[in-house]
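Below: one structure, written as structure tokens.
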Amino acid sequence: MKAKLIDGKAIAATMRRSLRTGAAAFAKRAGRPPALAVMLAGEDPASQIYVRNKIAACAETGIKSLEYFLPKNVSERELADLIDALNEDGTVDGILVQLPLPKGLDSHRVLGRIKPEKDVDGFSAVNAGNLFLGNETLTACTASGCIELIRSTGVSIEGKHAVVVGRSNIVGKPVAMLLLGNNATVTVCHSKTRGLAKFTRQADILVCAVGKREFVTGDMIKPGAVVIDVGMNRVDGKLYGDVEFSSACEAAGFITPVPGGVGPMTITMLLYNCLQAARRNNI
């Protein structure tokens with residue numbers, strides 16, 4: 001195996017130790033711990049797992065979690081009223097609404113209800129706009145986690161050609177903006193891109209967030225590239241990335257595994273955002 005593994009679990013564990021110290025310092029100064037409100041509507045099994053993991057991560061780092069488990073027939077008005085109350089609660093620093101929402105609920109309207117300064121997922125139009133403008137903001141967690149993983153390799157982002165495969169609002173677009181902010185030259189590819197391999201083979205840094213099992217193969221990767229695989233595709237009970245791992249390892253210089261790469265960083269960056277929000281909102 002040529003490529004060096006980027007161990008997301010180890011990097012996340014190091015960051016969480018630092019976050020635990022930061023949360024304790026905040027609690028000493030503010031007289032209370034940082035607090036994250038987590039809302040789950042419905043009984044989607046995957047969402048329940050994600051929420052449990054987020055609650056456990058809060059406990060691990062000294063962040064107070066406030067859980068709101070709502071029935072699948074909850075109305076959008078009821079969700080809006082709860083968010084409004086949490087927006088006005090000075091002891092709540094971050095608000096997270098677990099997606100997807102049950103059918104009939106408009107996620108854009110619901111998420112847009114969260115105050116930008118408490119939007120720890122970084123999904124609001126205000127926070128996305130601030131990222132576009134290069135302003136300090138709360139940034140989409142998976143995207144910022146990708147940047148931390150790239151930095152962990154010791155490879156400088158500045159001056160590199162970065163190719164992002166995928167253009168979602170959750171990963172593709174924000175990670176492209178973050179790479180630009182770190183002075184990379186960025187190409188964004190997607191399902192309509194013709195001759196995808198022509199672009200991926202030019203990438204010093206390749207971020208794959210297209211949601212298709214083993215979509216990128218080793219012959220599409222520039223030798224020595226840093227490869228960040230965001231994909232989480234479950235097939236017959238097994239997880240696969242967007243990158244064909246075995247062949248990619250023969251070409252890449254650094255690569256994230258699936259699982260154990262990007263996944264652990266997403267929740268860690270959520271905790272980071274919550275602590276940042278607490279600090280900014282309680283100056």
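The basis for the numbers below is simple: all heavy atoms, side chains too, and nothing from hydrogens, waters or symmetry mates. Everything quoted here is computed from the prediction, not taken from an experiment.
Residue Val235 shares its hydrophobic cluster (ILVMFWY side chains chained together at separations under 4.5 Å) with Tyr240. Through side-chain heavy atoms spaced under 4.5 Å, either directly or across other Ile, Leu, Val, Met, Phe, Trp or Tyr residues, Leu239 is tied to Met232, Val258.
A donor-acceptor distance shorter than 3.5 angstrom exists from the side chain of Asp242 to the backbone of Gly211, with no hydrogens or angles considered. Looking only at distances, no side-chain donor or acceptor of Glu88 sits under 3.5 Å from a matching main-chain atom of Ala85. Proximity of a side-chain donor or acceptor of Thr14 to a complementary backbone N or O of Ala10 within less than 3.5 Å is detected. With Asp93 contributing its side chain and Ala277 its backbone, the two residues share no donor-acceptor pair below 3.5 Å. One N or O on the side chain of Asn282 and one on the backbone of Ala278 form a donor-acceptor pair closer than 3.5 Å. A donor-acceptor distance shorter than 3.5 angstrom exists from the side chain of Arg201 to the backbone of Asp219, with no hydrogens or angles considered. No donor-acceptor pair under 3.5 Å is formed between the side chain of Lys173 and the backbone N or O of Ser168. Using a distance-only test at 3.5 Å, with no hydrogens or angles considered, a donor-acceptor pair links the side chain of Lys160 to the main chain of Ser156. Looking at Thr256, its side chain does come within 3.5 Å of a backbone N or O of Asp229 through a donor-acceptor pair.
Considering NZ of Lys222 and CD1 of Ile205, their distance stands at 10.5 Å, rounded to 0.5 Å. Here the straight-line distance linking atom SG of Cys141 with atom OH of Tyr272 works out to 11.5 Å at 0.5 Å rounding. Note: Cys208 SG to Glu214 CD = 12.0 Å, rounded to the nearest 0.5 Å. Atom-to-atom distance recorded for Ser18:OG and Leu271:CG is 11.5 Å, nearest 0.5 angstrom. One distance of note links CG of Asn127 with CD of Glu117; it measures 8.5 Å at 0.5 Å rounding. Of the inter-residue distances, the one linking Leu105 atom CG with Leu70 atom CG reads 10.0 Å to the nearest 0.5 angstrom.
Between Arg234 and Lys238 there is no side-chain heavy-atom pair separated by less than 4.5 Å. Taking the side chain as every heavy atom from C-beta outward, Pro34 and Arg279 never approach each other to under 4.5 Å. Two residues are said to be in side-chain contact when any heavy atoms from C-beta on lie closer than 4.5 Å; Leu101 and Val110 meet this criterion. In this structure, the side chains of Ile83 and Met39 come closer than 4.5 Å at one or more pairs of heavy atoms. Within the 4.5 Å cutoff, no side-chain heavy atoms of Val207 are placed close to those of Val163. Between Ser47 and Pro100 there is a side-chain heavy-atom pair separated by less than 4.5 Å. With contacts defined as side-chain heavy-atom distances shorter than 4.5 Å, the pair Ile6/Ile228 qualifies. With contacts defined as side-chain heavy-atom distances shorter than 4.5 Å, the pair Glu67/Ser65 qualifies.
The neighbour count for Glu43 CD, taken as heavy atoms of other residues, nucleotides or ligands under 6.0 Å away, does not exceed 12. Open room surrounds CZ on Phe132; 12 or fewer heavy atoms of other groups in view lie less than 6.0 Å from it. For Lys212, the NZ atom sits in a loose shell: 12 or fewer heavy atoms of surrounding residues, nucleotides or ligands are nearer than 6.0 Å. Within a 6.0 Å radius of NE2 in His108, no more than 12 heavy atoms belonging to other residues, nucleotides or ligands are found.
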Between Val243 and Phe245, is a side chain to side chain contact (heavy atoms under 4.5 Å, CB included) present by the stated rule, with each step listed? CA-CA 6 Å; Val243 177; Phe245 187 75; 5.8 Å; no
Would Ser246 and Glu244 count as a side-chain hydrogen bond (donor to acceptor under 3.5 Å, both in side chains) here? Give the steps. CA-CA 6 Å; Ser246 59; Glu244 187 183 62; 4.9 Å; no
Run the side chain to side chain contact (heavy atoms under 4.5 Å, CB included) test on Leu270 and Leu36 for me, step by step, so that the C-alpha distance in whole Å, both residues' side-chain angles and the decisive distance to 0.1 Å come before the verdict. CA-CA 10 Å; Leu270 171 71; Leu36 172 66; 4.2 Å; yes
Test log, rule side chain to side chain contact (heavy atoms under 4.5 Å, CB included), inputs Phe215 and Leu196: CA-CA 11 Å; Phe215 185 69; Leu196 176 65; 3.3 Å; yes
For Arg109 and Glu76: C-alpha separation, side-chain torsions, deciding distance, then whether salt bridge (Lys or Arg N to Asp or Glu O under 4.0 Å) applies. CA-CA 9 Å; Arg109 282 201 300 264; Glu76 198 167 310; 2.6 Å; yes
CA sep, side-chain torsions, deciding dist, call: Thr200, Ile221, side chain to side chain contact (heavy atoms under 4.5 Å, CB included): CA-CA 6 Å; Thr200 59; Ile221 296 172; over 6 Å; no
Is there a salt bridge (Lys or Arg N to Asp or Glu O under 4.0 Å) between Arg77 and Asp81 once you walk through the steps? CA-CA 6 Å; Arg77 180 71 262 167; Asp81 288 345; 2.9 Å; yes
Test Ser247 against Glu250 for side-chain hydrogen bond (donor to acceptor under 3.5 Å, both in side chains), laying out the working first. CA-CA 5 Å; Ser247 63; Glu250 298 302 316; over 6 Å; no
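Follow the hydrophobic side-chain contacts under 4.5 Å out from Leu79 and you reach Leu96 in the same cluster. When the side chains of ILVMFWY residues are joined at heavy-atom separations under 4.5 Å, either directly or via intervening members, Val165 and Leu179 end up in two distinct hydrophobic clusters. A single hydrophobic cluster is not seen to contain both Val97 and Val126; linkage of ILVMFWY side chains at heavy-atom distances under 4.5 Å, directly or through other members, places them apart. At a threshold of 4.5 Å between side-chain heavy atoms, the hydrophobic network of Ile, Leu, Val, Met, Phe, Trp and Tyr places Val175 and Phe199 in two separate groups. Linking Ile, Leu, Val, Met, Phe, Trp and Tyr residues whenever their side-chain heavy atoms come within less than 4.5 Å places Val74 and Leu40 in a single cluster.
For the residue pair Ala248 and Ile255, the shortest heavy atom distance occurs at CB-CD1, 3.6 Å. Between Val120 and Gly94, the shortest heavy-atom contact is CG1-CA, 3.7 Å. Shortest non-hydrogen contact noted between Val92 and Ala37 is CG1-CB, 4.0 Å. Taking every heavy atom of both residues into account, Leu131 and Thr137 meet most closely at N-CG2, 3.9 Å. The shortest heavy-atom contact between Gly261 and Pro264 is O-CD, 3.3 Å. The two residues Phe123 and Ala140 have their closest heavy-atom pair at CE2-CB, 4.2 Å.
Counting only N and O atoms by type, the side chains of Thr139 and Ser144 include no donor and acceptor under 3.5 Å apart.
Applying the salt bridge (Lys or Arg N to Asp or Glu O under 4.0 Å) test to Arg113 and every residue at least two apart in sequence or in another chain returns Asp84. For Lys54, the side-chain hydrogen bond (donor to acceptor under 3.5 Å, both in side chains) criterion is met by Gln98, not counting sequence neighbours.
Sequence neighbours left out, the pairs with a member in residues 174-186 that pass side chain to side chain donor-acceptor pair (under 3.5 Å) are Arg151-Asn182. Sorted by first and then second residue, the salt bridge (charged side-chain N to carboxylate O under 4.0 Å, His left out) pairs with a member in residues 15-25 read Arg16-Glu60; sequence neighbours excluded.
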